[in-house]
Each structure stands twice: as structure tokens, then as C-alpha cells.
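Here is the structure we will look at, set down as C-alpha cells.
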Amino acid sequence: MEFEKEMTAPVVSVGADTEQSSQNLTNHSLTDFDSDFKGSDDDFYREMQRRMAPDYLETVSMTALYDTDFEGQEPLIDGLLYRGAYLLAGSPKVGKSFLMAQLAYQVSTGLPLWGYKVRKTGVLYFALEDNYARLQRRLFRMFGAEAAENLYFATHCKTANSGLEDQIRSFMKEHPNTGLIIIDTLKRVREVGGADFSYSSDYDIVSRLKAVADSYKVTMVIVHHTRKLEADDKFDMIAGTNGLLGAADGGFVLSKEKRTSNAAVLDVTGRDQEDQRLHLNKNPETLVWELESVETELWQEPPDPFLESIAAFLSSAGERWEGTASELCSLLNLDCKPNVLSLRLSIGSVRLLRDHDIHYKASRNHGGRKITLWKEIEVDSVSKGDDRDGLLVGSGEA
């Protein structure tokens with residue numbers, strides 16, 4: 001009795017030594033049983049008992065891993081922000097909330113951020129240190145009267161231990177097109193306790209928030225503070241222990257040499273992008289962060305002739321094609337085995353979508369494995385108390 005074709009994604013922790021869990025299996029799980037199972041009832045029962053045993057270890061073979069198609073997902077912001085959980089840290093009043101408002105607006109409208117391509121999606125922004133009046137003034141000064149219909153704000157929420165996850169899930173049910181969640185700040189959703197600054201506690205809080213982001217395949221940015229102590233590595237300045245960044249998929253640190261200066265540096269690190277340093281300057285009129293220079297240029301992947309041949313073929317095939325890997329090999333005149341072509345398509349699906357706007361899907365039926373390639377044209381469905389920010393009339397408002 002063999003179950004070699006039945007598989008699942010490995011149960012991966014969110015530790016610093018793992019990849020971002022930005023891909024989910026598109027077929028069945030190892031803990032689900034094949035509806036086409038042909039074995040006897042006794043064999044089925046024995047297998048079920050084996051998997052329910054306390055000492056059962058769920059694994060996946062390399063063969064099964066290669067035979068699985070994962071869902072491709074383009075980055076939220078090319079080269080800068082991907083699916084998963086990120087920390088954005090900076091000293092108090094350095095401009096983190098202005099940067100988050102800018103990020104939320106650019107993503108909700110699909111406008112490029114500093115020249116980086118942005119994928120338009122809905123945004124949920126927990127502005128927990130603000131009120132609605134202040135948000136109104138800030139957004140109007142930054143972006144004028146053109147509003148984004150799919151950008152939502154909350155100034156109060158429950159903590160991570162008392163219902164925040166349920167609130168997010170409820171929102172996601174009502175707004176399933178949401179792709180970015182911003183929590184400003186971590187302290188506001190964290191329970192107060194003696195273990196606040198232990199590695200275990202730090203790791204746990206970010207892991208829990210990351211699990212929510214991963215379950216909905218969205219990006220989550222968690223705003224936090226830096227400590228006063230300077231460090232050669234900017235990420236060592238994040239307040240708390242290394243557990244915070246260790247559980248996250250990446251991080252940003254916003255810092256200034258002089259508090260009174262409009263110039264700042266944004267350091268970037270993550271599992272899915274190269275380390276970068278961006279030099280920013282805050283526009284004194286609009287308070288929008290503008291890019292002055294990039295210290296480390298984005299690494300560009302070299303052209304992939306295989307994916308380019310797929311793009312050229314699909315253009316000639318009418319923007320959509322369905323068939324088997326064997327048929328596609330023949331049509332492309334490729335000298336490779338069908339299973340190798342399928343694997344290359346699966347691995348290259350993210351880049352195929354990002355660079356060529358081509359979606360890839362593989363499915364199985366009684367006749368075997370079927371490949372679907374298609375292009376989609378996005379329909380534009382989006383129209384565009386106190387005075388902590390100094391935005392009230394008579395206080396320098398632009």
C-alpha cells in the first residue's frame with residue numbers, strides 16, 4: 001500500500017532559520033485522505049490509526065515535494081515587501097506613522113512607492129496611537145482630497161490574547177481583497193506582563209501575528225520602537241530581544257542622525273529580498289517621505305529563456321491555454337521530460353506572474369495532470385482632537 005502521491009506542506013515553524021511561509025499547497029493535505037483511494041477498508045483504517053498515533057511524525061519526501069504545485073504570489077511591493085510579517089522600528093516621533101500612512105495609501109491605490117512597483121489591494125490600518133480627527137488631518141495634508149475606498153482604519157482593538165485575531169478574521173470575511181494589515185504599534189496589542197522582554201515572549205507575539213498573516217496570505221507590518229543605545233547593526237537597536245525579528249519575515253529600521261532633520265535612513269532586511277539602505281527625505285509641506293537615493297541597488301534576476309518562451313507562446317495562443325505537460329513540451333519544442341517542465345513552471349510561477357502577468361495552475365483528475373496558463377486584465381474598482389502632528393489651522397498647515 002503506497003501513499004507516495006499523497007502529501008502536504010511540511011509543518012514549518014516561523015523561526016529565523018526557516019523560509020517565509022508564503023506558499024500554500026494547491027492540492028490535498030497529508031492529513032486528508034484521497035477520495036480516489038482504492039484500498040480496502042482495513043488498509044484505510046490502519047493508515048488512519050497510524051496517523052492519529054501520538055508518536056506519528058508528518059513528513060514529506062523530496063519526490064512528493066517536487067511533485068507538488070505551490071501557489072504563486074507576486075510581492076506586495078517589488079523588491080521591498082512580500083507576504084508575511086515584518087517589523088518597522090524607529091525612535092519615537094521619527095516619522096513611522098507618516099511612513100505607514102504613505103505605505104497604506106500607495107498600496108490601496110496601486111501607485112508606485114519610490115519607483116517600486118506596487119500591487120493594489122485592500123488595506124487595514126490599526127492606527128492605535130491616533131484618533132480619527134488626527135488621521136483626517138494627516139491624510140489630507142499628505143494626499144489631498146483623493147480618497148481610497150479600500151483603505152480602512154481602526155483606532156481601537158483588542159489585544160493579541162483577548163480577541164485581536166477574531167477581529168481580524170471578521171474583517172477579512174467582509175473584505176477578502178485585503179492584502180496589507182498594519183499594526184501601529186506592537187505595544188498596543190501586547191498584554192502587559194513580567195515576561196514582556198523575554199526572548200520567548202517576543203518570539204511568541206510576532207509568531208502569533210505572523211500566523212494570522214500567513215493564514216490569509218497577506219502582508220502584515222508591525223510598528224515598534226528602537227532603543228536609545230546605538231549599534232553598528234541598525235537591527236540590533238530594535239527594542240526587546242532578537243526574538244522579535246527572529247520570528248518575523250523581515251524588518252525595517254527608520255533612523256535619523258538629527259531629530260530636527262528631514263533626512264532619514266531606512267534599512268531593510270528580509271528572507272525574500274536583498275538587504276538595502278534607502279535614504280529618504282520628508283517633504284516639509286506634505287510630510288510625505290521621498291526617496292533621495294538607494295545605497296544598495298536592487299539585485300535583478302537574469303532573464304529566464306524558459307519563462308520568456310512560455311510568455312511568447314501564450315501570446316500566440318490567445319492569452320489562455322490548457323493541456324498536459326507533454327503537450328506543452330511538444331508545442332514549445334523543448335527537449336525535456338514533462339515532469340521537469342511542470343517543476344520548472346511551479347518554481348517559476350511567482351516570476352511568471354510578476355514579470356509576464358501570467359497565472360499558472362496545475363490540477364489533477366482521472367486523466368492525469370492538467371496545466372492552465374492565462375492572463376488577467378485587472379479591473380480598476382478603486383477611486384481614489386489633539387494637534388500632535390501640528391496640522392490644525394494656524395499651525396503651519398499647507
Side-chain angles (χ1 to χ4, degrees), residues 9-24 58 73 75-77 79-92 94 96 99-100 103 126 128 159-161 164-165 168 180-255 265-278 296 299:
V11 179
V12 182
S13 71
V14 291
D17 58 341
T18 64
E19 293 185 1
Q20 173 178 338
S21 55
S22 62
Q23 296 176 319
N24 291 320
E58 187 174 311
Q73 178 70 27
L76 189 67
I77 302 178
L80 198 63
L81 197 57
Y82 293 77
R83 187 189 286 172
Y86 289 77
L87 287 177
L88 182 283
S91 61
V94 74
K96 300 186 298 298
L99 180 57
M100 290 298 95
L103 173 64
F126 289 97
L128 304 178
T159 64
N161 290 337
L164 174 61
E165 182 176 339
I168 292 176
L180 172 64
I181 299 173
I182 298 172
I183 297 178
D184 186 0
T185 63
L186 176 63
K187 184 66 176 179
R188 294 280 182 164
V189 300
R190 191 172 190 178
E191 298 290 343
V192 177
D196 268 5
F197 299 105
S198 71
Y199 183 95
S200 176
S201 176
D202 285 348
Y203 190 92
D204 179 67
I205 183 64
V206 175
S207 295
R208 292 174 59 186
L209 294 172
K210 172 179 163 55
V212 176
D214 289 345
S215 69
Y216 284 102
K217 307 174 187 177
V218 302
T219 301
M220 180 180 289
V221 179
I222 307 162
V223 180
H224 190 46
H225 296 291
T226 52
R227 57 170 64 97
K228 292 182 179 180
L229 184 65
E230 289 290 332
D232 292 334
D233 186 341
K234 293 292 185 181
F235 295 96
D236 287 338
M237 294 172 58
I238 297 175
T241 72
N242 290 334
L244 293 173
L245 188 59
D249 294 298
F252 302 82
V253 174
L254 183 66
S255 59
V265 173
L266 183 67
D267 286 278
V268 185
T269 191
R271 294 174 185 155
D272 293 299
Q273 69 258 55
E274 298 292 317
D275 288 355
Q276 300 174 71
R277 173 167 288 183
L278 283 63
T296 305
W299 178 77

Atom of [X], atom of [Y] and distance for their closest heavy-atom approach:
X	Y	answer
Ser91	Thr226	N-OG1, 3.1 Å
Gln273	Gly79	CB-O, 3.8 Å
Ser207	Ala247	OG-CB, 3.5 Å
Thr219	Tyr86	CG2-CD1, 4.3 Å
Leu244	Ala239	CD1-O, 3.1 Å
Ala231	Asp236	CB-CB, 3.9 Å

With a 4.5 Å heavy-atom cut-off, do [X] and [Y] have their side chains touching?
X	Y	value
Val253	Met237	no
Phe252	Leu81	yes
Asp202	Leu245	no
Ile181	Phe126	yes
Thr269	Asp267	no
Val212	Leu164	no
His225	Lys187	no

Next item on the list: Output yes when a side-chain donor or acceptor of Arg190 lies under 3.5 Å from a complementary backbone atom of Thr185, and no otherwise.
Entry: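 Such a contact is absent between Arg190 side chain and Thr185 backbone.
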Margin query: Under a 3.5 Å distance rule, please check whether Asp249 uses its side chain to pair with a backbone N or O of Ala85 as donor and acceptor.
Written below: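 Indeed, once roles are kept as given, a pair shorter than 3.5 Å links the two residues.
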Distance from [X] atom [atom1] to [Y] atom [atom2], nearest 0.5 Å?
X	Y	atom1	atom2	value
Met100	Leu88	CE	CG	4.0 Å
Leu266	Gln276	CG	CD	9.0 Å
Leu209	Ile168	CG	CD1	7.0 Å

Next item on the list: Kindly indicate, with the supporting measurements, whether the criterion side chain to side chain contact (heavy atoms under 4.5 Å, CB included) is fulfilled by Leu103 and Leu180.
Entry: CA-CA 9 Å; Leu103 173 64; Leu180 172 64; 4.0 Å; yes
Item checked: Asp184/Lys96 ion pair, N-O < 4.0 Å -> no
Check: Hey, which of Leu128, Ile222, Asn161 is the one that makes side-chain contact (heavy atoms from CB on, under 4.5 Å) with Val189?
Finding: Leu128
